[in-house]
**Student:** 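Below: one structure in structure tokens.
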Protein chains: 2
Amino acid sequence: MASGQGRVLELAVLGSLHETPLHGYELRKRLNALLGMFRAFSYGSLYPCLRSLLEQGLIVEEQPAPAAIVGGRSKIVYKLTAEGKERLQDLLTQAGPSAWEDESFGVHFAFFRHTEAEVRLRILEGRRSRLEERLDSVRTALARTRERLDSYTLELQRHGLESVEREVRWLNELIATERRGSSEEKPERSTDE
Amino acid sequence: MASGQGRVLELAVLGSLHETPLHGYELRKRLNALLGMFRAFSYGSLYPCLRSLLEQGLIVEEQPAPAAIVGGRSKIVYKLTAEGKERLQDLLTQAGPSAWEDESFGVHFAFFRHTEAEVRLRILEGRRSRLEERLDSVRTALARTRERLDSYTLELQRHGLESVEREVRWLNELIATERRGSSEEKPERSTDE
DNA sequence: GCGTCGATGTATCGAGCCGATACATCCCGA
DNA sequence: TCGGGATGTATCGGCTCGATACATCGACGC
């Protein structure tokens, strides 16, 4: 049973197949290119997820033209079904913790183009408060134990704190841009799809 | 069978117990405080790891004085054995990929105080080249697909790249400091321990 | 005295995910 | 013609997390 709770791969796959039908190998390449430094899914996750999506009827194996079979190597091309598109819309509407935790935020963000402005804003804000929560708790813990820590640990803490503070600042800019955009007009999506 | 390959928790536990004997709950709190934003181990990892370390004879349950039992709640305090200390020394000497991958680097760094200068340098440099590898591969992939990406994805890529570049710069500073330090003297550790 | 609530404390289970691996085909250059 | 590298599908072992269950302690109000 693959991706029961961790819908994040499910979203990633559905979102990718929404653009164009793909087979596993190519799908993984695109996914990892799409997510860059944030995540890299492995086959051990991808194939079980594809099977699960098949069983749920959210995707189907596409029948290529016979000519294509003769020339090419055997590959299984998956495409979205109508139900799959519905589910994708569902997932894109989610604006709870499952959208802004570490593992999932990047994927949701990568498909923001297909997400409503209001949902985008809530995800961004949710992620920001999540990070600020952590910042608080780490800063508190640090204040209590600062004297007991050596210089390496201190440096590690400092660096960790700084990166997260930087990410919060990044989110602030994004949120400001979103607000500016949504008060005037839809932040123009290019002419794809 | 817990922590068979992923010695990272093993190192974290052994390293913490080296300072002072601890029970599970307190151990976890200290560990997570030590690692700050980098990692947060859960009981689902910690307890199996403790059991495994017990079986290997690297730690033992400490017998508290009877008086302590009467007053306190039942808790199981673990302390390092001689073999445990040996193993810790072993782990601190490791300077391979297992020391500089994402999941483990933070832990190794957090115990740099107990690590030889030469090993520290090799871990730092290993981590740096690991990150530069990833930077290369993502930048290459990005160059090939830049036109097909929307502005959100592009922003995600840009941010991801920037954070990692920043981490490389951080490593550069640390490496420079290490070299300066080791050519003159041990980079003074405060009077703890 | 009594309830109860949050922190302390030990422990396990289900499920997701990764890394390694196996296996097969295609294409290109030596 | 032979081998190596990219393409392609698929699984297995094992680690880790999040949720959860259970129990006790101390402090608080009443």
Side-chain angles (χ1 to χ4, degrees), chain A residues 1-13 21-32 35 38-54 61 64 68-78 96-98 101-104 106-107 130 137 140-141 144, chain B residues 1-13 21-32 35 38-54 61 64 68-78 96-98 101-104 106-107 130 137 140-141 144:
Chain A
M1 208 141 309
S3 77
Q5 301 281 18
R7 337 291 290 187
V8 58
L9 223 192
E10 188 171 321
L11 169 60
V13 169
L22 289 170
H23 55 101
Y25 187 82
E26 179 71 14
L27 179 56
R28 178 176 185 267
K29 272 207 317 189
R30 293 221 192 180
L31 227 38
N32 291 347
L35 298 176
F38 279 91
R39 285 207 69 155
F41 291 105
S42 71
Y43 292 125
S45 323
L46 183 57
Y47 281 111
C49 177
L50 284 172
R51 195 187 317 127
S52 157
L53 291 175
L54 267 178
E61 301 182 11
I69 297 182
V70 175
R73 173 153 55 270
S74 97
K75 54 176 80 166
I76 307 174
V77 177
Y78 300 96
S98 68
E101 289 300 315
D102 288 345
E103 338 78 51
S104 37
V107 175
R130 180 77 185 84
S137 97
T140 304
R144 272 193 291 98
Chain B
M1 207 140 309
S3 78
Q5 301 281 19
R7 338 290 290 189
V8 57
L9 222 193
E10 189 171 321
L11 169 59
V13 170
L22 290 170
H23 54 101
Y25 186 83
E26 179 72 13
L27 179 55
R28 178 176 184 267
K29 272 206 318 187
R30 293 222 191 180
L31 227 37
N32 291 348
L35 298 177
F38 279 92
R39 285 206 70 153
F41 291 105
S42 71
Y43 292 126
S45 321
L46 182 57
Y47 282 111
C49 176
L50 284 171
R51 196 186 318 126
S52 157
L53 291 176
L54 268 178
E61 300 182 11
I69 297 182
V70 176
R73 175 155 50 272
S74 97
K75 53 176 83 168
I76 308 175
V77 177
Y78 300 96
S98 68
E101 289 301 316
D102 289 345
E103 340 77 52
S104 36
V107 175
R130 179 77 185 85
S137 96
T140 304
R144 273 193 289 99

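Naming convention: chains lettered A, B, ... in sequence-line order (proteins, then strands); numbering from 1 in each chain.
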**Student:** Atom CD of B:Glu10 to atom P of D:dG14: distance rounded to whole Å?
**Tutor:**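 Nearest whole value for this atom pair: 16 Å.
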**Student:** Quick check on C:dT8: is either OP1 or OP2 less than 4.0 Å from any side-chain nitrogen or oxygen of B:Tyr25?
**Tutor:**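 Answer yes for this pair, as a side-chain N or O of B:Tyr25 is under 4.0 Å from OP1 or OP2.
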**Student:** Do B:Val13 and B:Leu46 come within less than 4.5 Å of each other through their side chains, counting heavy atoms only?
**Tutor:**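 They are in side-chain contact.
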**Student:** Between A:Arg7 (CZ) and C:dC17 (P), how many Å, whole number?
**Tutor:**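 Between P of C:dC17 and CZ of A:Arg7: 11 Å.
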**Student:** Measuring from atom NZ of B:Lys29 to atom NE2 of B:His23, what distance do you get when rounded to the nearest 0.5 angstrom?
**Tutor:**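 Answer rounded to 0.5 Å: 8.0 Å.
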**Student:** Look up atom CD1 in A:Ile76 and atom CG in A:Leu50, then write down how far apart they are to the nearest 0.5 Å.
**Tutor:**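 With rounding to 0.5 Å, CD1 (A:Ile76) is 9.0 Å from CG (A:Leu50).
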**Student:** Looking at C:dG9, D:dG8, C:dA11, which one has an atom nearest to any side-chain atom of A:Lys75?
**Tutor:**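 Side chain of A:Lys75 sits closest to D:dG8.
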**Student:** Can you tell if the side chain of A:Tyr25 reaches within under 4.5 Å of the side chain of A:Lys75, non-hydrogen atoms only?
**Tutor:**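 Side chain of A:Tyr25 against side chain of A:Lys75, heavy atoms only: no contact under 4.5 Å found.
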**Student:** In whole Å, what is the span from the CG atom of A:Leu50 to the C1' atom of C:dC17?
**Tutor:**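 Distance check: A:Leu50 CG to C:dC17 C1' gives 15 Å.
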**Student:** Measuring only between side-chain heavy atoms, which start at C-beta, is B:Val8 closer than 4.5 Å to B:Glu101?
**Tutor:**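 No, too far: nothing below the 4.5 Å cut-off.
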**Student:** Whole-Å distance between C:dT8 P and B:His23 NE2?
**Tutor:**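 So the two atoms are 10 Å apart, to the nearest Å.
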**Student:** If you only use heavy atoms from C-beta on, which nucleotide in D:dT9, C:dA7, D:dT7 is closest to the side chain of A:Ile76?
**Tutor:**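 The answer is D:dT9.
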**Student:** With the criterion being N/O to N/O and under 3.5 Å, what pairs connect the protein with nucleotides 18-22 of chain C, and how long is each?
**Tutor:**
| unit_1 | atom_1 | unit_2 | atom_2 | d |
| --- | --- | --- | --- | --- |
| C:dC18 | OP1 | A:Ala40 | O | 3.1 |
| C:dC18 | OP2 | A:Ser42 | N | 3.2 |
| C:dC18 | OP2 | A:Ser42 | OG | 3.3 |
| C:dC18 | OP2 | A:Ser45 | OG | 2.1 |

**Student:** Of the options C:dT8, D:dT9, C:dT12, whose atoms approach the side-chain atoms of B:Pro48 most closely?
**Tutor:**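 Of the candidates, C:dT12 comes closest.
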**Student:** Separation of A:Tyr78 atom OH from D:dG8 atom P, in whole Å?
**Tutor:**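 One finds 13 Å between P of D:dG8 and OH of A:Tyr78, rounded.
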**Student:** Is A:Tyr47 close enough to D:dT9 that one of its side-chain N or O atoms is under 4.0 Å from OP1 or OP2 there?
**Tutor:**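 So the side chain of A:Tyr47 is within the cut-off, an N or O lying under 4.0 Å from OP1 or OP2 of D:dT9.
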**Student:** Can you tell me how far P of C:dA7 sits from CD of B:Glu26, to the nearest Å?
**Tutor:**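 My rounded result for the distance is 15 Å.
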**Student:** What distance do A:Leu27 atom CG and A:Asn32 atom CG have between them, rounded to the nearest 0.5 Å?
**Tutor:**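 A:Leu27 atom CG to A:Asn32 atom CG measures 9.0 Å (nearest 0.5 Å).
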**Student:** Looking at every heavy atom in both A:Leu22 and A:Glu26, which two are closest together, and how far apart are they?
**Tutor:**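 It is CD2-CG, 3.4 Å.
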**Student:** Rounded to the nearest angstrom, tell me the gap between atom CG in B:Asn32 and atom C1' in D:dT16.
**Tutor:**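 Those two atoms, CG and C1', are 13 Å apart.
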**Student:** Could you state the NZ-P distance from B:Lys29 to C:dT10, rounded to the nearest angstrom?
**Tutor:**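 Distance, rounded to whole Å: 12 Å.
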**Student:** So, is A:Arg28 close to the D:dG8 phosphate, meaning a side-chain N or O under 4.0 Å from OP1 or OP2?
**Tutor:**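 It does not, given that no N or O in the side chain of A:Arg28 lies less than 4.0 Å from OP1 or OP2 of D:dG8.
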**Student:** State which of D:dA6, C:dT12, D:dT11 makes the closest approach to the side chain of A:Arg51.
**Tutor:**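 Per side-chain heavy atoms of A:Arg51, the pick is D:dT11.
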